[in-house]
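Taking it in order: structure first as structure tokens, then the write-up.
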Amino acid sequence: MRTLVEIYDKEQILNLISAMQVDCDLVVFLYTEDQTPLIHNTLIEHMIKSEIRYVEYSEKSLEAAVESLEGDEIYIDVHGGDDFSISKLSTMAEKNGYYLCYSGMSTEQFYILHEGTTSMQDLIIPRLTVRELVELYGGKVRDLPEAYFDDYGRQAVQECLEGRRTNRKWTAFSKAIASAGSGQKEYAVWRVDPKFLKDYESVLEKLPHVFDSYEVIEGKLLLAFHDPAYQLLVTDIGVPFEYETYYQISDSKAFDDVDLRVNIDWNGGDFVSGDPNSELDVVASLKGRLISISCKSGKYDQQAIYEVKANAEKFGGVASVPVLCVDIDMDRPELVEKANELNVLLIEHKDMKKKKAAEMILKWMETHT
């Protein structure tokens, strides 16, 4: 019988790795009283195929807890816990002939120490979806319908993005559309004053994928959206940039999973009234790491940097990748310095136009583990 003993870690991804690496019959998680709310994670228990036991310990009871375990071979994973626990378990492993192991996330190697020798294996890192990673850290994702992922929708997104970047009338057009829609009875066809056509025909003619038609009938201008959901593309100036960012990440085919506008309940509940929640603009996963991307289509400040950092760590732990993508040129070296200080990847307007978002994230991940 082969038994793996792990010190339970608040970085939940670490609780999976050794159990997936070591072919064992039993996994024993050692946890302290304050970690009680963390144990029995549904995803971890689903992914680990061996029998699982939980044993609570304190500094005084740690040695007795381990010595009471059964197994012909006992592996002790010390990638977690405090310095005292690691030192104690390392001493016990040497004294009793146990195998000592730990994961080298930066080297992608799994190390096994036994009787003075060290062996290495290629580290098996679970390929997790965005949803799985978020739920691993205690959140829950709400399913939101999205309508712009087909080729036609991409054209609509691109038209709105170019309109916002190049047409001087875009801001006024966006506000006018939003105002016109507030009193509409039909969701996809809006009736507005014909003067609207005179003011904004130069904008409308460059949005053939957003509007199926616009024409004056019986004294009213009828604006027919191709899809009711496309209204957000023109009424919320940030939405097209979020989609552009999503497409860059998704098209790279470099990530395990990519999702857009991910709404998360912090407490892993069912979004009941009063539950804190967040919406992350674009989220990806790669080798068990969460990439949380905040998209700013206008001016941004220091608070935006702090916010993306906090959200990334909240739902992906310290190994998460916080990214701020901006679609505006701002000569603010102090903000660039703050992003570097907080280990937030800042992808600026010039790099987004060159479609370098995915490339920059992958390069950043190589040097930030």
Side-chain angles (χ1 to χ4, degrees), residues 10-13 105-106 130 133-134 136-139 141 161 164-165 171 236-250 252 254-255 257-266 276-369:
K10 66 178 181 179
E11 286 297 309
Q12 297 268 28
I13 188 70
M105 297 293 285
S106 60
V130 166
L133 268 172
V134 167
L136 192 62
Y137 286 88
V141 175
L161 194 64
R164 185 181 64 77
R165 285 174 173 169
T171 300
D236 187 330
I237 63 172
V239 169
F241 184 54
E242 292 173 2
Y243 275 92
E244 166 65 14
T245 305
Y246 168 85
Y247 292 142
Q248 286 195 33
I249 304 303
S250 180
S252 73
F255 298 86
D257 189 29
V258 187
D259 208 345
L260 174 74
R261 304 173 74 192
V262 177
N263 191 239
I264 301 173
D265 183 316
W266 285 21
N277 64 85
S278 295
E279 184 171 288
L280 309 185
D281 295 334
V282 180
V283 191
S285 62
L286 179 61
K287 295 183 178 180
R289 299 176 71 180
L290 190 77
I291 300 100
S292 178
I293 306 171
S294 177
C295 303
K296 297 296 181 185
S297 58
K299 293 182 178 180
Y300 67 97
D301 55 18
Q302 185 169 277
Q303 182 59 35
I305 300 171
Y306 280 112
E307 183 178 322
V308 69
K309 175 73 169 181
N311 279 333
E313 291 193 353
K314 172 72 178 176
F315 305 115
V318 296
S320 60
V321 182
V323 183
L324 181 60
C325 292
V326 298
D327 197 31
I328 185 173
D329 288 318
M330 286 177 58
D331 186 16
R332 295 286 299 277
E334 71 277 12
L335 295 182
V336 175
E337 183 179 348
K338 177 57 68 175
N340 289 333
E341 177 187 327
L342 294 178
N343 280 331
V344 172
L345 173 60
L346 178 62
I347 304 180
E348 298 183 88
H349 172 67
K350 63 181 184 297
D351 296 312
M352 289 301 297
K353 286 193 70 175
K354 295 176 182 176
K355 301 188 181 299
K356 295 179 67 175
E359 175 189 338
M360 292 180 68
I361 291 171
L362 294 170
K363 185 176 181 180
W364 193 92
M365 291 179 70
E366 290 178 359
T367 55
H368 296 72
T369 54

Task: Atom pair CE (M365) and OG (S320), whose distance is rounded to the nearest 0.5 Å - done: 10.0 Å

Open item on the list: Using 0.5 Å steps for rounding, measure from the CG atom of L161 to the CZ atom of F241.
Closed with: 8.0 Å

Task: Parallel, tilted or perpendicular: ring planes of Y247 versus Y243, cut at 30 and 60 degrees - done: tilted

Open item on the list: Taking side chain to side chain contact (heavy atoms under 4.5 Å, CB included) as the criterion, tell me which of V323, V282, L362 meets it with I291.
Closed with: V323

Open item on the list: Main chain of E242, side chain of D281: is a donor-acceptor contact present, judged purely on distance under 3.5 Å?
Closed with: no

Open item on the list: With rounding to the nearest 0.5 angstrom, report the CZ to OH distance, R332 to Y300.
Closed with: 8.0 Å

Task: Under 3.5 Å: donor-acceptor pair, side chain of D301, backbone of A304 - done: yes

TODO: Name all residues meeting the side chain to side chain contact (heavy atoms under 4.5 Å, CB included) criterion together with S252; count only those two or more places apart in sequence or in a different chain, and write none if there are none.
DONE: A254, F255, A358

Task: Under 3.5 Å donor-acceptor, Q248 side chain and M352 backbone - done: yes

Task: Residue pair K338, E334: steps toward the salt bridge (charged side-chain N to carboxylate O under 4.0 Å, His left out) verdict - done: CA-CA 6 Å; K338 177 57 68 175; E334 71 277 12; over 6 Å; no

Task: Atom pair OG (S294) and CD (E279), whose distance is rounded to the nearest 0.5 Å - done: 11.0 Å

Open item on the list: Under a 3.5 Å distance rule, please check whether K309 uses its side chain to pair with a backbone N or O of L342 as donor and acceptor.
Closed with: yes

